[in-house]
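For reference, the structure is listed below as structure tokens.
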Amino acid sequence: MTDKELLAEAEKAAANSYSKYSRFRVGAALLAEDGRVFTGCNIENASYSLTNCAERTAVFKAVSEGVTSFRAIAVVGSPDGDFSRPCQPCGACLQVLSEFCGDDLMVILSNSWFKLSDFLPMRFGADNLK
Ligand code: THU
């Protein structure tokens, strides 16, 4: 699975975005250590705060199928189908990703590559609870 292919999977997932309130379509494709890809889209609700972001949809799909180790995530988002501008993961999604992914998780946004730690350098984690 190349980075380009993972981005293409994220774009495909964005086609299923249920975003009738914001009209902002987001898609994510999460590459697991075992090579499987879990995709997700944003799913909105008339009770707005119940919206689930694309990245968390992908993480929850994977974890609910017993997969908890990941290599990379590609994220795309757009109000008009033009996915060339980067769409950064929100703070809630970064925190959820950080539960399962190390600092080195690759985050792929359009033509840019980042590490999870670029966005979330000082995560709150299980160690804080000790
Ligand atoms: N959204 C995501 O799916 N992922 C993010 O990381 C940021 C925002 C969604 C939530 C909402 O449906 C729409 O984008 C506009 O905020």
Side-chain angles (χ1 to χ4, degrees):
M1 169 72 44
T2 66
D3 296 351
K4 271 220 157 78
E5 287 168 337
L6 200 61
L7 275 166
E9 288 299 313
E11 282 197 27
K12 262 197 255 167
N16 292 328
S17 165
Y18 182 80
S19 43
K20 62 194 277 188
Y21 303 103
S22 73
R23 302 269 167 212
F24 190 78
R25 292 180 172 275
V26 186
L30 183 61
L31 177 62
E33 281 295 352
D34 66 5
R36 291 166 69 186
V37 174
F38 294 85
T39 59
C41 62
N42 53 333
I43 304 169
E44 298 185 347
N45 192 278
S47 178
Y48 299 157
S49 63
L50 299 183
T51 292
N52 206 59
C53 291
E55 300 90 321
R56 279 178 292 141
T57 302
V59 173
F60 294 151
K61 280 172 68 179
V63 175
S64 68
E65 295 193 23
V67 177
T68 55
S69 302
F70 307 104
R71 280 189 232 166
I73 187 167
V75 183
V76 299
S78 165
D80 59 10
D82 173 7
F83 293 116
S84 57
R85 278 199 305 157
C87 175
Q88 295 90 333
C90 79
C93 289
L94 291 168
Q95 180 65 28
V96 168
L97 279 166
S98 83
E99 179 72 21
F100 301 100
C101 307
D103 280 346
D104 290 338
L105 176 83
M106 191 191 294
V107 180
I108 307 166
L109 312 178
S110 55
N111 285 326
S112 345
W113 286 257
F114 301 92
K115 294 200 294 183
L116 184 63
S117 57
D118 292 326
F119 297 104
L120 197 66
M122 289 175 59
R123 66 176 77 185
F124 178 85
D127 284 349
N128 294 106
L129 299 173
K130 287 176 186 157

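Each ligand, and each atom within it, is numbered from 1 in the order the structure gives.
- The side chain to side chain donor-acceptor pair (under 3.5 Å) check on Lys4 picks up nothing, with sequence neighbours excluded.
- Salt bridge annotation for Lys115-Asp118: absent, with no cationic side-chain nitrogen under 4.0 angstrom from a carboxylate oxygen.
- Remark: the Ser84 side chain and the Asp82 side chain contain an N/O donor-acceptor pair separated by less than 3.5 Å.
- At least one side-chain heavy atom of Leu30 sits under 4.5 Å from a side-chain heavy atom of Leu97.
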Quick check on ligand 1: any N or O pairs to the protein under 3.5 Å? One line per pair.
from     : atom 1 : to    : atom 2 : distance (Å)
ligand 1 : 3 (O)  : Ala54 : N      : 2.9
ligand 1 : 4 (N)  : Glu55 : OE1    : 2.8
ligand 1 : 6 (O)  : Glu55 : OE1    : 3.3
ligand 1 : 6 (O)  : Glu55 : OE2    : 2.7
ligand 1 : 6 (O)  : Cys90 : N      : 2.8
ligand 1 : 12 (O) : Asn42 : ND2    : 2.9
ligand 1 : 12 (O) : Glu44 : OE2    : 2.4

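- Here the CG atom belonging to Leu6 is positioned 5.5 Å from the CG atom belonging to Leu31, to the nearest 0.5 angstrom.
- Here the side chains of Arg25 and Ser78 are not in contact, with every heavy-atom distance at 4.5 Å or above.
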